Protein chains: 2
Amino acid sequence: MQNATGLAETYIERWSAAADLSGPCPVRDVLDKIGDKWSMLLVMTLACGPKRFNELHREVPDISQKMLTQTLRDLQRDGLVSRHVFDTKPPSVEYRLTDLGHSLIVPFGQLIEWANQSMPSIAKSRVSFDKVA
Amino acid sequence: MQNATGLAETYIERWSAAADLSGPCPVRDVLDKIGDKWSMLLVMTLACGPKRFNELHREVPDISQKMLTQTLRDLQRDGLVSRHVFDTKPPSVEYRLTDLGHSLIVPFGQLIEWANQSMPSIAKSRVSFDKVA
DNA sequence: GCATGCACTTACCTCAAGGTAATCTTCACC
DNA sequence: GGTGAAGATTACCTTGAGGTAAGTGCATGC
């Protein structure tokens, strides 16, 4: 395995190639997704198994119905989540991660890991930075 | 190494533990950072080596001066980037990734990799989704 | 016959991220 | 003395993500 600098160069190369200095960039595109307020929370919640609409709403209490509907539709549009309607009475709807959705969990997990590990350093850095300013 | 579902459960466990159902969550915190429009672009640009202010501006042409200053200050506050003023005439300022900043490159790189690999599937999914709707 | 749960949709409003453009200071060059 | 580059800061404005609240259609339970 390469060291961090080597990796960085590889990635920045691909980034540049992808960005191509203008035009739509797949990375920016994905960042927009994962950067929004709810997508990743829902993906992580669905990672444990399929869930119904109101089940999701109960497990993520601070999301509004509107945002739940909207985020699920976006995730479905991107093929990360699939929607299954069961013709029961009343009809119930189940959401589950697709294979593509599952495949996001590993790289995204790395980032969570990084976040958890780095939080103390970041917090410390902020305190000392704010003290000076 | 565990499979994706196993990993998912591990991560969602930690996510929940960290989020604690309310209060500031380190993951949300980090997502806010990497989710913004410029932070990660700058980190990846700096990954290749230290850069001066206007050098960065030239390499990332579509960022405004205001956002460049602001994003750099935020990155500095979080300890991902360090700022070095050289007392030349005119004084020049160099920005470079800290060790913490470098450590972000690996997990973030995984995500870029995922994005690049998944882009075709996502694009296809969007087309067929939009066709129906 | 009324309330309640499910799975949404719609209209309206707010707030903050980010863009634009002007301004500042110091130095060097011509 | 005027121009231009470096490294910003400031005021103003626009846009859109997301919140709030209400309504919808259907079915079961009391």
Side-chain angles (χ1 to χ4, degrees), chain A residues 19 22 24-25 28-43 45-46 50-78 81-96 129 132-133, chain B residues 19 22 24-25 28-43 45-46 50-78 81-96 129 132-133:
Chain A
S22 77
C25 159
R28 168 64 44 79
D29 202 69
V30 168
L31 269 189
D32 283 351
K33 298 256 74 185
I34 82 152
D36 81 5
K37 203 171 174 185
W38 302 112
S39 293
M40 284 305 120
L41 228 198
L42 290 182
V43 167
T45 304
L46 286 173
K51 298 264 157 65
R52 306 247 315 265
F53 184 88
N54 280 337
E55 206 172 345
L56 278 168
H57 203 182
R58 263 177 261 116
E59 295 203 19
V60 187
D62 46 351
I63 192 175
S64 64
Q65 271 193 336
K66 174 193 165 188
M67 274 301 111
L68 183 51
T69 309
Q70 189 175 301
T71 307
L72 284 170
R73 209 176 335 98
D74 287 350
L75 289 171
Q76 198 197 337
R77 185 173 110 95
D78 286 357
V81 159
S82 59
R83 184 174 182 270
H84 305 271
V85 183
F86 295 101
D87 206 9
T88 56
K89 353 114 190 184
S92 62
V93 182
E94 188 184 271
Y95 294 90
R96 62 173 69 206
F129 184 89
V132 174
Chain B
S22 77
C25 159
R28 169 63 44 78
D29 202 69
V30 169
L31 269 190
D32 283 352
K33 297 258 75 187
I34 82 151
D36 81 6
K37 203 170 174 185
W38 302 111
S39 293
M40 284 306 119
L41 228 199
L42 290 181
V43 167
T45 304
L46 285 173
K51 297 263 158 63
R52 308 249 312 266
F53 184 88
N54 281 336
E55 205 171 347
L56 279 168
H57 203 180
R58 262 177 262 118
E59 296 204 18
V60 188
D62 46 351
I63 192 174
S64 64
Q65 271 193 336
K66 174 193 166 189
M67 275 300 112
L68 183 51
T69 309
Q70 189 174 305
T71 307
L72 284 170
R73 210 179 330 99
D74 286 351
L75 289 171
Q76 198 196 338
R77 185 172 110 97
D78 286 358
V81 158
S82 59
R83 185 174 183 271
H84 305 271
V85 184
F86 295 101
D87 206 8
T88 55
K89 351 113 188 189
S92 62
V93 182
E94 188 184 270
Y95 295 90
R96 61 173 70 205
F129 184 91
V132 175

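On a predicted model such as this, the values are computed, not experimentally measured, just so you know. No hydrogens, no waters, no symmetry mates; every other heavy atom, side chains included, goes into these values.
- Counting to the nearest Å, the P atom of dA8(D) and the CG atom of D74(B) are 14 Å from each other.
- Of all non-hydrogen atoms in F129(A) and R73(B), the two that sit nearest each other are CZ-CG, 3.8 Å.
- Among residues at least two apart or in separate chains, side chain to side chain donor-acceptor pair (under 3.5 Å) pairs with a member in residues 31-41 of chain B are K33(B)-D78(B), D36(B)-S39(B).
- Shown here are the salt bridge (charged side-chain N to carboxylate O under 4.0 Å, His left out) partners of R52(A), two or more places apart in sequence or in another chain: there are none.
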What pairs of nitrogen or oxygen atoms, one from the protein and one from nucleotides 4-6 of chain D, lie under 3.5 Å apart?
from: dA6(D); atom 1: OP2; to: N54(B); atom 2: ND2; distance (Å): 3.2
from: dA6(D); atom 1: O5'; to: N54(B); atom 2: ND2; distance (Å): 3.0
from: dA6(D); atom 1: O3'; to: R52(B); atom 2: NH2; distance (Å): 3.4

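- Across the protein-nucleic acid pair, E94(A) atom CD and dC8(C) atom C1' stand 17 Å apart, rounded to whole Å.
- Straight-line distance from the CZ atom of R83(A) to the C1' atom of dA7(C): 8 Å, rounded to whole Å.
- Going from atom CG of D87(A) over to atom C1' of dA27(D) covers 13 Å, rounded to whole Å.
- The two atoms that bring M67(B) and T71(B) nearest to each other are O-OG1, 2.6 Å, heavy atoms only.
- In this entry the distance linking NZ of K51(A) with C1' of dC6(C) reads 18 Å, nearest Å.
- Rounded to whole angstrom, the span from the NE2 atom of H84(A) across to the P atom of dA7(C) amounts to 14 Å.
- Across V60(A), L46(A), V93(A), a single residue satisfies side chain to side chain contact (heavy atoms under 4.5 Å, CB included) together with K51(A), and that is L46(A).
- Using a 4.0 Å heavy-atom criterion, one finds that F86(B) contacts no nucleic acid atom at all.
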So which protein nitrogen or oxygen atoms get under 3.5 Å of nucleotides 18-20 of chain C's nitrogens or oxygens?
from: dG18(C); atom 1: OP1; to: K37(B); atom 2: N; distance (Å): 2.9
from: dG18(C); atom 1: N7; to: K66(B); atom 2: NZ; distance (Å): 3.3
from: dG19(C); atom 1: OP1; to: K37(B); atom 2: NZ; distance (Å): 3.1
from: dG19(C); atom 1: OP2; to: W38(B); atom 2: NE1; distance (Å): 3.4
from: dG19(C); atom 1: N7; to: K66(B); atom 2: NZ; distance (Å): 3.3
from: dG19(C); atom 1: O6; to: K66(B); atom 2: NZ; distance (Å): 2.3

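- L31(A) places a side-chain heavy atom less than 4.5 Å from the side chain of I34(A).
- In this structure, Q76(B) places its CD atom 14 Å from P of dG7(D), rounding to the nearest Å.
- Residues passing the salt bridge (charged side-chain N to carboxylate O under 4.0 Å, His left out) test with E55(A): none are found, sequence neighbours excluded.
- Rounding to whole angstrom units, CG of residue L72(B) and P of dG7(D) are separated by 11 Å.
- Residues H84(A) and S82(A) approach most closely at NE2-OG, 3.0 Å, considering heavy atoms.
- Scored by the side-chain contact (heavy atoms from CB on, under 4.5 Å) test, P50(A) finds E94(A), R96(A) as partners (sequence neighbours excluded).
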